[in-house]
Protein chains: 2
Amino acid sequence: MPAGNTQFSIAVHLLAGLGYLAGQEITSGELAASINTSPSFVRRVLSKLSKAGLVRATPGKAGACSLGRRANDISLLEIYKAVGASQIFSIHAYPVQKTCPVSCSIKSSLGKILDKIEKTLEKDLAKISLAEVIADIKRK
Amino acid sequence: MPAGNTQFSIAVHLLAGLGYLAGQEITSGELAASINTSPSFVRRVLSKLSKAGLVRATPGKAGACSLGRRANDISLLEIYKAVGASQIFSIHAYPVQKTCPVSCSIKSSLGKILDKIEKTLEKDLAKISLAEVIADIKRK
DNA sequence: TATAATGTTACTGTTAAAGTAACAATATGC
DNA sequence: GCATATTGTTACTTTAACAGTAACATTATA
């Protein structure tokens, strides 16, 4: 269980599970058991998804979770953003050395390039819907 | 400072510096001063770049570093790989819950998709050369 | 009102990476 | 040859993000 964007893959897992049930409700405890982790952690991720509207959760006794929207209308990008995945590229934050032209402009020059690449990646993520993931799971 | 692919941006910074000098040699100590960090750290990154052939370093007294290849022939992807940047997406490694179909196939289903996206990103990185970064720096 | 769920917060442990220092290897020049 | 200044490597320390956990607040149901 290393570093990285594990939360993103967990979120997809959770949502795929919810989508698999096609509207049927399920509790965070059951989901946690399915993923093999603690209910607390699942709830924390679910909470983010809930705020993003991807999950509909009803509190109180007999509360439960279900997909907040049709799986067709949920893109991987939305999931990615919902869990607040960190930036792919991060630029070092050393203080600028004024006498060095590279030091002075590397941040803006490289940043511009990386932003564009990140945008492309987001566009790719936006193209893929949760429904595709679920379909692939059902295929097996 | 925090986590992330800082080494990648540092590597680009170093290489841009070397490219900016157009063949002129420079020591790791001077580079470190320019980046505002310790020579040790710079050397560790330089060492990786050197092994990848992106930097030519001569050891011994009066040793120094220079660009190993023309900036035009160095892509950001090479730099990215040279510093051994971690995978962008990582999938959670919980044990599979055999009774859950989602748990059983999420890893392969999602993995397939993310691999494809990562490939696209690499293709984008491959398109950009160090020379472009340097040109942008000189423009200012 | 008891209960069972979500939602939130705070705490702990673990891990990866930054940062540092020390040392080995190497070549130069006297 | 020997002192020296560099690269190259290794080991250690520190730091920060995140997984993981537990406890508690909130909410609605019966």
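By convention in this document, chain letters (A, B, ...) are assigned in the order of the sequence lines, proteins followed by strands, and residues within each chain are numbered from 1. Hydrogens, waters and symmetry mates are skipped; everything else that's a heavy atom, side chains included, is used.
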When you measure from the side chain of [X], which nucleotide among [options] comes out closest?
X	options	result
Lys51(B)	dT9(D), dG8(D), dT9(C)	dT9(D)
Pro59(B)	dG7(C), dA5(C), dA27(C)	dA27(C)
Arg43(A)	dT28(C), dT6(C), dT9(D)	dT6(C)
Tyr94(A)	dT29(D), dG19(C), dT9(D)	dG19(C)
Lys61(B)	dA23(D), dA5(D), dT6(D)	dA5(D)
Arg44(A)	dA19(D), dA18(C), dT28(C)	dA19(D)

Donor-acceptor pair between His92(B) and Ser9(A) side chains, under 3.5 angstrom: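 The criterion, which ignores hydrogens and geometry beyond distance, is satisfied for Ser9(A) and His92(B).
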Residues Asp115(B) and Lys112(B) bridged, charged N to O under 4.0 Å: no
Carboxylate-amine/guanidinium proximity below 4.0 Å for Arg69(B) and Glu78(B):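 Salt bridge present between Arg69(B) and Glu78(B).
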Separation between CG of Leu31(A) and CG of Leu18(A), rounded to the nearest 0.5 Å: 5.5 Å
Separation of [X] atom [atom1] from [N] atom [atom2], in whole Å?
X	N	atom1	atom2	answer
Ile26(B)	dA5(D)	CD1	P	18 Å
Ile35(A)	dA19(D)	CD1	P	12 Å
Leu46(B)	dT9(D)	CG	P	12 Å
His92(B)	dT14(C)	NE2	P	22 Å
Phe41(B)	dT10(D)	CZ	P	17 Å
Glu25(B)	dA27(C)	CD	P	14 Å
Lys48(B)	dT10(D)	NZ	P	13 Å
Phe8(A)	dC18(D)	CZ	P	15 Å

dA5(C) base / Thr27(A) side chain donor-acceptor hit below 3.5 Å: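 Answer no: no donor N or O sits under 3.5 Å from an acceptor.
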base_contact_polar (dA18(C) base, Thr6(B) side chain, donor-acceptor, <3.5 Å):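 Under the 3.5 Å cut-off, the side chain and the base do not form any donor-acceptor pair.
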Touch class at under 4.0 angstrom, heavy-atom based, for Gly63(A) against every strand present: sugar-phosphate
Sugar-phosphate, base or nothing in reach of Ser28(B), heavy atoms under 4.0 Å: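 Ser28(B): backbone/sugar contact only, no base atoms under 4.0 Å.
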Side-chain N,O (Gln7(A)) to OP1/OP2 (dC18(D)) below 4.0 Å: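 Checking dC18(D) against Gln7(A), no side-chain N or O comes under 4.0 Å of OP1 or OP2.
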dT9(D) phosphate, OP1 or OP2, under 4.0 Å from Ser47(B) side-chain N/O: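 For dT9(D), OP1 or OP2 has a side-chain N or O of Ser47(B) closer than 4.0 Å.
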Most 5' of Ser38(A) and Gly60(A) on DNA chain D, judged by nearest nucleotide: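 This one resolves to Ser38(A).
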Contact nearer the 5' end of DNA chain C, comparing Ala62(B) with Gly84(B):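 Per heavy-atom nearest nucleotide, the more 5' residue is Gly84(B).
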Side chain to side chain, Lys81(B) and Glu122(B), heavy atoms closer than 4.5 Å: yes
Parallel, tilted or perpendicular, as decided by the 30° and 60° cut-offs, for the rings of Phe8(A) and Tyr80(A):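 Correct class here is perpendicular.
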